[in-house]
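One is the number of the first residue; the rest follow in order along the sequence.
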Amino acid sequence: MSQDTTDVDAAIQGELRLLDPAVRLSRSAAEALLDPEFVEVGASGRRWTYEEMLAALPELDGGDVDGPRFEPSGMTGVVLGPGLVHLTYECVIGGARSRRSSLWRRGKGEGSWRLYYHQGTPVPVADTDAEGAAEQSAADQGV
């Protein structure tokens with residue numbers, strides 16, 4: 001297995017853990033996965049810092065063990081440089097679909113991977129319907 005594959009796999013595992021309600025509810029578990037310089041740009045355009053995200057994470061979508069869960073799909077990654085991986089994927093929670101982009105950075109010294117930057121963009125229902133229709137049409141034509 002190449003180093004690039006190992007790095008991408010580590011970032012994917014971290015991303016999946018951050019979608020787990022048990023991690024979202026545990027400040028110490030989330031701290032281990034978020035880079036101290038973490039920034040997120042939310043769907044509303046709000047900028048979230050490390051401390052703001054740690055404080056809010058249990059109350060955000062996906063933080064309730066009995067509530068709706070994140071359903072990620074199509075997660076792929078690419079190594080941008082030594083110690084930096086870019087992930088992209090789509091996610092559904094409670095019927096809402098988003099396209100997500102995350103930058104994972106290997107920590108200095110300890111070597112653990114942490115989420116450095118994240119952005120999620122909602123997919124409008126019209127786009128979801130149009131993509132579904134195009135996929136169905138392609139399937140009907142055997143493409």
Side-chain angles (χ1 to χ4, degrees), residues 1-139 143:
M1 182 179 302
S2 75
Q3 186 61 49
D4 283 2
T5 301
T6 300
D7 291 351
V8 169
D9 287 348
I12 288 173
Q13 290 309 309
E15 190 82 20
L16 293 174
R17 288 195 342 255
L18 275 171
L19 297 176
D20 183 333
V23 171
R24 298 173 83 78
L25 291 170
S26 167
R27 184 176 177 102
S28 62
E31 282 176 339
L33 293 168
L34 293 181
D35 190 277
E37 296 178 24
F38 170 83
V39 173
E40 175 169 334
V41 176
S44 67
R46 177 182 175 181
R47 183 179 183 274
W48 296 80
T49 65
Y50 174 80
E51 284 299 329
E52 291 168 334
M53 184 55 68
L54 287 174
L57 201 55
E59 303 302 320
L60 296 175
D61 288 344
D64 183 356
V65 175
D66 297 322
R69 299 225 175 186
F70 287 102
E71 301 170 32
S73 64
M75 194 175 293
T76 61
V78 62
V79 173
L80 298 178
L84 188 62
V85 171
H86 180 220
L87 299 180
T88 57
Y89 63 103
E90 291 196 4
C91 201
V92 175
I93 185 166
R97 186 169 142 214
S98 62
R99 293 189 178 108
R100 295 176 167 231
S101 177
S102 296
L103 291 176
W104 284 79
R105 178 165 80 169
R106 186 177 17 237
K108 298 175 179 101
E110 82 277 358
S112 64
W113 286 90
R114 293 184 175 200
L115 182 58
Y116 176 72
Y117 178 84
H118 180 76
Q119 185 166 359
T121 303
V123 176
V125 174
D127 284 358
T128 302
D129 293 343
E131 288 173 8
E135 289 170 4
Q136 184 60 45
S137 176
V143 177

Determine, stepwise, if the pair L19 / I93 fulfils side-chain contact (heavy atoms from CB on, under 4.5 Å). CA-CA 10 Å; L19 297 176; I93 185 166; over 6 Å; no
Yes or no on side-chain contact (heavy atoms from CB on, under 4.5 Å) for M75 and L16, after CA distance, side-chain angles and deciding distance? CA-CA 10 Å; M75 194 175 293; L16 293 174; 3.9 Å; yes
In this structure, CG of L80 is separated from CZ of R105 (nearest 0.5 Å) by 13.0 Å
Do R114 side-chain atoms and R106 backbone N/O form a donor-acceptor pair below 3.5 Å? no
Which atom names give the shortest non-hydrogen contact between A30 and L57, and what distance separates them? CB-CD2, 3.7 Å
Worked check of side-chain contact (heavy atoms from CB on, under 4.5 Å) between H118 and F38: CA-CA 8 Å; H118 180 76; F38 170 83; 4.2 Å; yes
Between S44 and R46, is any side-chain donor less than 3.5 angstrom from a side-chain acceptor? no
Counting only heavy atoms not in F70, do more than 12 fall under 6.0 Å of its CZ? yes
Give me the atom names and distance for the closest heavy-atom approach of S102 to L115. CB-CD1, 3.5 Å
If I take atom CD from residue Q119 and atom CG from residue L103, how far apart are they, to the nearest 0.5 angstrom? 10.0 Å
To check you understand the geometry: which heavy-atom pair defines the closest contact between E37 and D35, and what is its length? N-OD1, 2.8 Å
Please name the pair of heavy atoms, one in W104 and one in W113, separated by the smallest distance, quoted to 0.1 Å. O-CZ3, 3.4 Å
Carboxylate-amine/guanidinium contact E15 R100, below 4.0 Å: no
Do Q3 and D7 meet the criterion of a side-chain donor-acceptor pair at a distance under 3.5 Å? yes
T88 and R99: side-chain contact (heavy atoms from CB on, under 4.5 Å), yes or no, with the steps? CA-CA 7 Å; T88 57; R99 293 189 178 108; over 6 Å; no
Validation row: V85, I12 side chains within 4.5 angstrom (heavy atoms): no
Of all the heavy-atom pairs spanning P68 and G94, show the shortest one and how long it is. CB-N, 3.9 Å
Test your reading of the model: is there a side-chain donor-acceptor pair from R69 to the backbone of V65, 3.5 Å cut-off? yes
Which heavy atom in Y89 sits nearest to a heavy atom in P72, and how many Å separate them? CD1-CB, 4.0 Å
